[in-house]
Amino acid sequence: MDFEIEKAYEAKKYEDKIYKKWEESGAFTPEVDPSKKSFTISMPPPNATGVLHLGHAVMLALEDIMIRHHRMMGESALWIPGTDHASIATQNKVEQLIAKEGKTKYDLGRADFLKRVHEYVKDSQSTIRNQIRKMGSSCDWTRERYTLDKGLTDAVQEVFIKMYKDGLIYQGDRIVNWCPRCESTLANDEVEYKSLNDKLYWIKYGPFTLATTRPETKLGDTAVAVHPSDKRYKDMVGKKYMIPGVLGEFEVEVIADHTVDPEFGSGAVKVTPAHSFADFEMAQRNNIPAKSIIDEKGCMMDNCGKYAGMKTHECRKAIVDDMDKMGLIEKIEDYEHNLSICYRCETPVEPLISKQWFINVDKKVINHKGKKVSLKERSIQVIKEKEIEILPSKFNKTYFNWMENLHDWCISRQIWFGHRIPIFYCQECGEVITGKEKPEECTKCKSSKLKQDPDTLDTWFSSGLWTFSTLGWPEKTKELEYFHPTGVMETGYDILFFWVARMILMTTYVLGEIPFETVYLHGLIRDRNGDKMSKSKPETCIDPLEMIEKYGTDAVRLSLVIGSTPGNDMRLYEEKIAGYRNFVNKIWNAARFALMNVEKEDLEKEFEPGMVKSLADKWVLTELQKLIKEVDADMEKHHFSEAGTKIYDFIWSQYCDWYLEISKGEHKNPAVLIHVLRTTLKLLHPFVPYVTEKLWEYVGGEKLLISEKWPEYQKELVYTKEAGTMELIHEVISQIRSVRAELKVEPGKKIHAIIYAGKHTEDLEGKREAIMLLGRLEQLDIEEKGPKVDGAKAIFVKDTEIYLPLKDMLDTEKEAKRLKAEIENKEKFAKSLEGKLSNKGYLQNAAKEVIEKDKARLEDEKTNLQKLKSELEQL
RNA sequence: GGGCGCUUAGCUCAGUUGGCUAGAGCGUCUGGUUUACACCCAGAAGGUCGGGGGUUCGACUCCCUCAGCGCCCACCA
């Protein structure tokens, strides 16, 4: 066929146009159609601040593969995209921006500041949207959501109120992680730890000597704790002591608590309940009061005398100086320990007591199988009872461990950007009223002076509702009924706790059903050295968008999917992407070749088994069926890397290297050439959507490939016997090529070959042309059997003998050496097979097929051994 | 401190219920304008599957142990 397309595939030229076609075709927007199965993925919403990074890219690639596969399987495949407002992260970004203008959020005030944030979000949302498109993501833009949408805000308020009414949400004065820079609470898992070289101060403390890293908290001490069985302090427990301090004497009680380590320091610990989690808990257990001395800006409070107003680290220095003057410092040691820092801004976290909203995770409110269970228990159950499967399963344990140790979840944040807590306080009588809108008047005293709680909700509160809030809940939409629970939640293992666990917790409570059936956790993308990618190391840091520009989206997708297994990190570097670009180009050229070898009419005919002719046809079709079967199994098991690798190998090593090569001879069969091409394009489409869609324009029907049907395994196209014969022919050709290379026969030179093929004579005769073409022969004699050919190179493949009369090129000595080595090797192998086959245990226990295979192999080895030996003798 | 994982060719990694003279890509070496593709083709070299022990007819695969590396959780002043 006359066919004008360029030699190399230029991704850039086509991608955007193809994406537009897909989107306009409506393929991304599935119908609610109860006659079909539904398959849904809620896209993990990128932060509304972001630029696409490799983490997003791998997420998008994997999810798009699943969605495209399910769509081609005829299911209603819905992939909902969206963005997350990411309260703290976004607010921080904007604070940084206005800081450049020399302003703070207080200068702007709440309303104007939020206006700035919304503007900023709008901008970056459109950036990230386009970048998601760049990855070829076939998500449904008509259903795109944002966590601050009206509908989602509704869902958030509804859930809050439901939980409040169920008594799950309560307000309490509790010790919380406080970031003095963000001026907000942080959940436990929003705190990170950094190793720090610090000082350990040994201080004289009344009758005690004790060690501390934070001498400034002495101002808030209300007790000293020792281990209950520590004999040194036994008599002091329960007594009160006056302790000299920089602001005069103060009283502490000595308590016994099993959490104190008698080995550490002097075995006695000062207790500062208001500014240490461990101390807070100890104080609660022992009925000790707390005294707050650090405020929300990280400064010493008014009750700290001359230290009031100092930052904690300034105060530490001052207080140590003063204590030293009073002779209260015994010694100062170097000490390495972990400092807790804010995960968003790395500011050291200041534990302090504050009035916050919490979700009670232990209250039994969920009715499940006639029993009341807590949020925590239900969340553990759904995994234990395999309602949800986590891949890889090794994360089950991690998940249980985390859930079992879960404490009440602090959900209020002193951040301006986010969902306002739907709580109103009556300024007159103090009544607390919950509601979506500000009530006209107080339900109790009818006062109209009502004020909304100034705090916002933890960003994970809204993302915990993501799978169902995006489908319209609290409305009872048909989408919700049809598409929920979703099929797969695919995300990085680093947010298993942050997000996945919270979705499970929230959804099982709110809907009484699971949010998703399978959790697929991908690994982190690392640089070539196995380090975390970071923009501060530009030489190893990869920007997916730059790579798309350079190598095309398809290549980038493959480089992220092949070689990646769930839960395991993967290294990425540019050569890898270039390698997959080469593959994409290979597909392009395979199609180009096929098209050059068929006529227009060939493309119009429907393929049917009657069109199958040659041995090569039967072989390639058999291999193709095998491929379909294996790919189906792999996709089912979420083994995307394996599936991709198998298709890659089929196209390159089977279709191109053998079938297309053989098609260069007289065996050209357009029907099979095109059928195999079409089928592999379909199989490939989820992995490399662009190049396959482009090629489908040339070889496909009227429909876009994205909407085509996934190939089915066809038993009638499996020709086991013929395929086996073809393998033999491949082997014969390979051997001839190998000898040519070994004897340095000029590539252009055609040689003579004599083959004694025994029972395969007819088959080889049938493929005479292919053997001559690919072995570069000028003369080929095929006989059933015959005499040895003197001075010829001999090769034995199965029961076939090949002689290449290359007398002048043969080095007898070398040949003898090679034969000897091969004989030795084969004898060794045959011996091990014999040993195995005479082993009773083996014969009794091994599978029949395994034994049969070994027997056949032994036969082959034996005949070839004999031939090799006589060859050696005659040399 | 508690938990999880990794160690297979020079490099990066596959290897699914134990049955392989252990595979791929990149790199290396030899040689190549052949009805598509040099982003290519043909051929080749390269591994005692981290060490040791055990279970088994049989172990890269299961168990124990040692060593090295990594991650997560907790956090003690």
Contact class for A:Glu861 (heavy atom, under 4.0 Å): base, sugar-phosphate, or nothing? base
Which residue is it: A:Val699, A:Asn597, A:Val620, A:Asp602? I am looking for the one with a side chain to side chain contact (heavy atoms under 4.5 Å, CB included) to A:Leu673. A:Asn597
Taking syn as a glycosidic torsion within 90° of 0 and anything else as anti, which one is B:rC20? syn
For A:Lys744 and for A:Ser653, find the nucleotide of RNA chain B with the closest heavy atom, then tell me which residue's nucleotide is more 5'. A:Ser653
Going by purine N1 to pyrimidine N3 plus the second Watson-Crick contact, or the G-U wobble pair, all under 3.5 Å, which nucleotide sits opposite B:rG23? B:rC13
A:Lys331/A:Glu333 salt bridge by N-O under 4.0 Å criterion: yes
So does A:Lys749 get a side-chain nitrogen or oxygen closer than 4.0 Å to the phosphate oxygens (OP1/OP2) of B:rG32? no
Using a cut-off of strictly less than 4.0 Å, decide whether A:Lys826 has a side-chain nitrogen or oxygen near OP1 or OP2 of B:rU21. no
So, is A:Thr565 near the phosphate of B:rC13, with a side-chain N or O under 4.0 Å from OP1 or OP2? no
Reckon A:Asn582 has a side-chain N or O less than 4.0 Å from the OP1 or OP2 of B:rC40? yes
Checking A:Tyr659 against A:Asn669: is there a side-chain donor and acceptor pair closer than 3.5 Å? no
Expressed in whole Å, how much space separates the P atoms belonging to B:rC69 and B:rG23? 32 Å
Starting at CZ of A:Arg581 and ending at C1' of B:rC39, how long is that distance when rounded to a whole Å? 4 Å
B:rC76 versus B:rU61 - spacing of their P atoms, nearest Å: 42 Å
Length of the line joining A:Ile662:CD1 and B:rA36:C1', which is rounded to integer Å: 16 Å
Does the plane of the ring in A:Tyr9 sit parallel, tilted or perpendicular to the ring in A:Trp588? Use 30° and 60° as the thresholds. tilted
Touch class at under 4.0 angstrom, heavy-atom based, for A:Tyr335 against every strand present: sugar-phosphate
Side-chain N or O of A:Lys840 less than 4.0 angstrom from OP1 or OP2 on B:rC57? no
Can a side chain N or O of A:Arg592 be found less than 4.0 Å away from OP1 or OP2 on B:rC37? yes
Just to be sure I understand the rule, does A:Trp202 reach a base, reach only the sugar-phosphate, or reach nothing, if contact means heavy atoms closer than 4.0 Å? nothing
Which whole number of Å gives the distance between the P atom of B:rG3 and that of B:rU65? 13 Å
For B:rC13 and A:Arg571 - does any side-chain N or O of the residue sit under 4.0 Å from the phosphate oxygens OP1/OP2? yes
Under-4.0 Å side-chain N/O to phosphate OP1/OP2 contact, A:Trp402 with B:rC4: no
Taking A:Asp649 first and then A:Lys646, would you say they form a salt bridge - that is, a charged N and a carboxylate O separated by under 4.0 Å? no
Tell me whether the OP1 or OP2 atom of B:rC4 has a side-chain N or O from A:Lys397 closer than 4.0 Å. yes
Residue mapping more 5' on RNA chain B - nearest nucleotide basis, A:Lys853 or A:Ala268: A:Lys853
Identify whether any heavy atom of A:Asn825 sits under 4.0 Å from a base atom; if not, whether one sits that close to sugar-phosphate; answer base, sugar-phosphate or nothing. base
Would you say A:Thr259 reaches B:rC76's phosphate, i.e. side-chain N/O to OP1/OP2 under 4.0 Å? no
Within the pair A:Tyr493 and B:rC71, is there a side-chain N or O less than 4.0 Å away from OP1 or OP2? no
Would you mind checking if A:Glu10 and A:Lys694 are paired as a salt bridge, meaning a charged N to carboxylate O distance below 4.0 Å? no
